[in-house]
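This report concerns only the one structure given below.
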Amino acid sequence: MKPLSADEIVKMREACRISAEVLDRTCNFVKEGVTAYDIDRFAKQTMAELGCTSPCIGYKPSSSTPAFPRYICVSVNEEVIHGIGTLERVIRDGDIVSLDVVTTYNGFVGDNTRTVLVGNVSPEIRKLCEVTEGALYAGISAARAGNRVSDISRAIERFVKPHGYGIVREFCGHGVGRSMHEEPQIPNYYSRGEGKTKLRPGMTLAIEPMICLGSRLINTASDGWTITTRDGKPAAHYEHTILITDGDPEVLTVLS
Ligand code: MF3
Ligand code: CO
């Protein structure tokens, strides 16, 4: 992506703050007994209240993919990403629920994700969530001007590796700004010869580790969207949109 100008950064900051607010309010709505569909409806209503829209609903990345039918992604337990909230999926004590919220405001896109722990989550799964959030911050720490995309990827992989978790390889972080998905792609693992793009001040990136308690292998559900772990074990997902600066990275998807 082309680095944003100072004026564009002001708008991007505002768009990301609003996206963070939608995510935060929707996370607070998640509790035992609500359905994944209810969660999506709540997010829709919150977006309307805050005057932003969802670039996800109706999104069709290829002719063979059905249009995404929801406002946000709600992924429960073994669902890794892109979960389509249904009335059948009732949230239960001990579940983990990843909410991926992307919103557009005044022409700019904010993208952020958090995994919500519902009630008594087992220590093993709690740890998975902590490590995934830690991996996100490890990636953010490497997001400095002069570094390359591969530095972010390596930092995430190094943080996760000692825990033996699976790192999803088929989906990546990405540039984000005037559209939801821009160059460069940001894998959550290092691969020699890739991720050469240099980070420059004004670039805005979505960094988003997707980490599995067990194997990294995934399936796509028959709905054409929901990504699940093949072994049925849970996965966690955390994401922020950040700004590359001359100094420390600025996390944009935060409440002010
Ligand atoms: N944050 C997700 C991503 O970066 C959101 C995609 S939802 C979709 O891919 F429906 F729009 F695909
Ligand atoms: Co994203």
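Note that ligands are numbered from 1 as they come in the structure, with each ligand's atoms numbered from 1 the same way.
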SB check Glu78 Arg89 (cutoff 4.0 Å) = yes
salt_bridge(Arg114, Asp100) N-O dist < 4.0 Å | no
Evaluate [X] for polar contact with ligand 1, using N/O atom pairs at a separation under 3.5 Å.
X: Asp111; value: yes
X: Thr113; value: no
X: Tyr59; value: no

Select one of side chain, backbone, both or neither to describe which atoms of Cys73 lie under 4.0 Å from any atom of ligand 1, heavy atoms only.
-> side chain
At under 4.0 Å between heavy atoms, what of Arg70 touches ligand 1? The answer is neither
Number the atoms of ligand 1 from 1 as they appear, then name those within less than 4.0 Å of a heavy atom of [X], with their elements.
X: Met180; result: 11 (F)
X: Glu208; result: 4 (O)
X: Glu239; result: 1 (N)
X: Val102; result: 1 (N), 5 (C)

Looking at Phe42, is Lys44 sitting on its ring face, NZ or CZ under 6.0 Å from the six-membered ring centre and within 45 degrees of the normal?
-> no
Within the side chain of Thr132, is there an N or O that forms a donor-acceptor pair under 3.5 Å with the backbone of Tyr238?
-> no
Within the side chain of Glu250, is there an N or O that forms a donor-acceptor pair under 3.5 Å with the backbone of Leu243?
-> no
[atom]: the protein heavy-atom neighbour that sits closest, reported with distance to 0.1 Å:
atom: atom 6 (C) of ligand 1; result: His82 NE2, 3.8 Å
atom: atom 4 (O) of ligand 1; result: His174 NE2, 2.9 Å
atom: atom 9 (O) of ligand 1; result: His181 NE2, 2.8 Å
atom: atom 2 (C) of ligand 1; result: Asp100 OD2, 3.0 Å
atom: atom 10 (F) of ligand 1; result: Phe68 CG, 3.1 Å

What about Ile186 and Val102, same hydrophobic cluster or not, with Ile/Leu/Val/Met/Phe/Trp/Tyr joined at side-chain heavy-atom distances under 4.5 Å?
-> yes
Verify same cluster id: Ile9, Tyr105 (apolar side-chain graph, 4.5 Å) = no
Contacts of the Co ion (ligand 2) with protein N/O/S atoms, counting only those under 2.8 Å = Asp111 OD2, His174 NE2, Glu208 OE2, Glu239 OE2
Among His240, Arg17, Glu239, find the residue that satisfies the side-chain contact (heavy atoms from CB on, under 4.5 Å) test when tested with Thr253.
-> His240
Is there side-chain contact between Ile72 and Met47, with at least one heavy-atom pair below 4.5 Å?
-> yes
Does some side-chain heavy atom of Val149 sit less than 4.5 Å from a side-chain heavy atom of Leu205?
-> no
Which value, rounded to the nearest 0.5 Å, describes the distance between Ser75 atom OG and Ile96 atom CD1?
-> 10.0 Å
Rounded to the nearest 0.5 Å, how far does CZ of Arg126 lie from CG of Asn120?
-> 7.5 Å
Minimum heavy-atom distance Pro69-Trp225, with the two atoms named | CD-CD1, 4.5 Å
What do you reckon, does Trp225 put a non-hydrogen atom under 4.0 Å from ligand 1?
-> yes
Using non-hydrogen atoms of the residue, decide whether Ala206 is closer than 4.0 angstrom to ligand 1.
-> no
For the pair His163 and Tyr165, name the ring-plane relationship: parallel under 30°, tilted 30 to 60°, perpendicular over 60°.
-> parallel
